[in-house]
Protein chains: 2
Amino acid sequence: MVNSKVDRRVKYTRMVLKESLMKLLNEKPINTITVKELCALADVNRSTFYSHYSDQYDLLSKIEEEIIHDMNDTLMSYNVTQNEDALVMIEKIVEYIAANSDSCRILLSENGDPSFRNRLMMIAHDYTMKTSMNQNMMIDEEMTEYASWFAVSGSIHVLESWLKNGMNKSPKQMAEMINHLINKGLASFKA
Amino acid sequence: MVNSKVDRRVKYTRMVLKESLMKLLNEKPINTITVKELCALADVNRSTFYSHYSDQYDLLSKIEEEIIHDMNDTLMSYNVTQNEDALVMIEKIVEYIAANSDSCRILLSENGDPSFRNRLMMIAHDYTMKTSMNQNMMIDEEMTEYASWFAVSGSIHVLESWLKNGMNKSPKQMAEMINHLINKGLASFKA
DNA sequence: TGATAAAACAACATCGTGTCCATTATAATT
DNA sequence: AATTATAATGGACACGATGTTGTTTTATCA
């Protein structure tokens, strides 16, 4: 156990700082949040903060790092093969986001961090495109790249809206819809 | 002429401040830009800055406002009817972005402003969805909303990449590709 | 050219910042 | 339980950006 070597006080300090920053991000953008007020909310001395993080942005990126890493691990554990259907992969991603909806909702919101969105897109790109896109050859190399990002960006934004709407559909429903939109576009929704 | 009533000095001050902020945004994110350095670059007194804008973010939003307003006007002038093909509307939007590629590239980049992206998406949403989506009835109200945002977000992101790549395709090519992706998805690109 | 208004200049208090160090409190170890 | 180690606190500090104010200089407009 590597984790057990970390002092309990350190664990608590980092945890409460992360929680407090997320609370503040739920109310206002990062650029209006000061280290001072963050520490006041967390009831942590400002000196202590600086012994862990260089500033608000550093703390935010650490929070994101944690989620991204955790998500990667989770997806890795499914050990998806090239042949497996892309729909399964999309489902796994949606389910992970659902399981971490609070954090994801905040980080993807108006007050969130665009770079988190980008990192998430990179993961989605890797995990879905490898399986679905490469199955068939595409006409144009550059166009393929554009098409791939179109799908990923659209998907992520749909999930952002979904989180904002309190997850009014099941993860399975969302995954199926996204899969349809990616592969067949709006045509698949026309009556 | 309403514009001619504005003092030349005021015009110059605002112009040079806008230009300077864009230059800085081309190099680093807004949260690392100070009013002090912005004024130094623009060679404008800090007091003068404050008589026009409350802070960097205010100035940035004014810049965005200008582009958004201008874009709306441009699109309005085409007076697109409900029946007109969505492809035409997409072309107009792509062409506008191409004509203002420098500003749009910066504002949509890593150092740009997410809210500009959102405003752009609102416009694209209004101008394309009204024409294309409503032509056919959709199955589910909520799903229609999701599908619409999927298309818009994907499209904007593709255009972001396109700008970043130095516009290696023609606006017409991009518009056609986007139109295909929206309506037929990846299926339309498979060999 | 004279009236008007904007920009520049200088000075100011304020606030958050980042970094000290000494002290206190708490966890880990024996 | 006592000891050791180390994390957190509290206070102080200089520093720089901020936002404001009043005065002077400069440019514009009519």
More than 12 heavy atoms from other groups under 6.0 Å of [atom1] on [X]:
X	atom1	answer
A/Asp73	CG	yes
B/Lys184	NZ	no
A/Lys36	NZ	no
A/Lys172	NZ	no

Exercise for review: Fit a plane to each ring of A/Trp149 and A/His125, take the angle between them on a 0 to 90° scale, and name the class: parallel (under 30°), tilted (30 to 60°) or perpendicular (over 60°).
Suggested key: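 Rings of A/Trp149 and A/His125: parallel, under 30°.
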Calculate the interatomic distance between [X] atom [atom1] and [N] atom [atom2]; express it in whole Å.
X	N	atom1	atom2	value
A/Lys11	D/dA8	NZ	P	13 Å
B/Leu17	C/dA7	CG	C1'	12 Å
A/Asn45	C/dT26	CG	P	14 Å
A/Asn31	D/dT18	CG	P	13 Å
B/Asp7	D/dT28	CG	C1'	5 Å
A/Tyr57	C/dG16	OH	P	15 Å

Strictly by modelled atom types, are [X] and [Y] linked by a side-chain donor-acceptor pair under 3.5 Å?
X	Y	value
B/Asp113	B/Tyr57	no
B/Tyr146	A/Asn168	yes
B/Asp7	B/Tyr12	no

Exercise for review: Give the B/S/- string for nucleotides 17-22 of chain C, one per nucleotide from 5' to 3', where a protein heavy atom under 4.0 Å of the base yields B, of only the sugar-phosphate yields S, and otherwise -.
Suggested key: BBBB--
Exercise for review: With heavy atoms under 4.0 Å as the rule, sort B/Arg8 into base, sugar-phosphate or nothing.
Suggested key: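 Sugar-phosphate only.
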**Study point:** Inter-end axis angle, the helix from C/dT1-D/dA30 to C/dT30-D/dA1, with every axis fitted to five base pairs (rounded, 10 degrees)
**Key:**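 Between the axes fitted at each end of the helix from C/dT1-D/dA30 to C/dT30-D/dA1 lies an angle of 40°.
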Exercise for review: Considering just the side-chain nitrogens and oxygens of A/His52, establish if one lies under 4.0 Å of OP1 or OP2 belonging to D/dA7.
Suggested key: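 Result: no.
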Practice item. Sort out for me which residue in A/Leu21, A/Asn111, A/Ile106 forms a side-chain contact (heavy atoms from CB on, under 4.5 Å) with A/Asn26. Key: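 Result for side-chain contact (heavy atoms from CB on, under 4.5 Å) with A/Asn26: A/Ile106.
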Review point. With a 3.5 Å cut-off and just heavy-atom distances, do the side chain of B/Arg9 and the base of D/dA27 make a donor-acceptor pair?
Key: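 Answer is yes: a donor-acceptor pair is held.
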Check your understanding: What's the closest nucleotide to the A/Val44 side chain, out of C/dA27, C/dA7, D/dT9?
Key ->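 Nearest to the side chain of A/Val44 among the choices is D/dT9.
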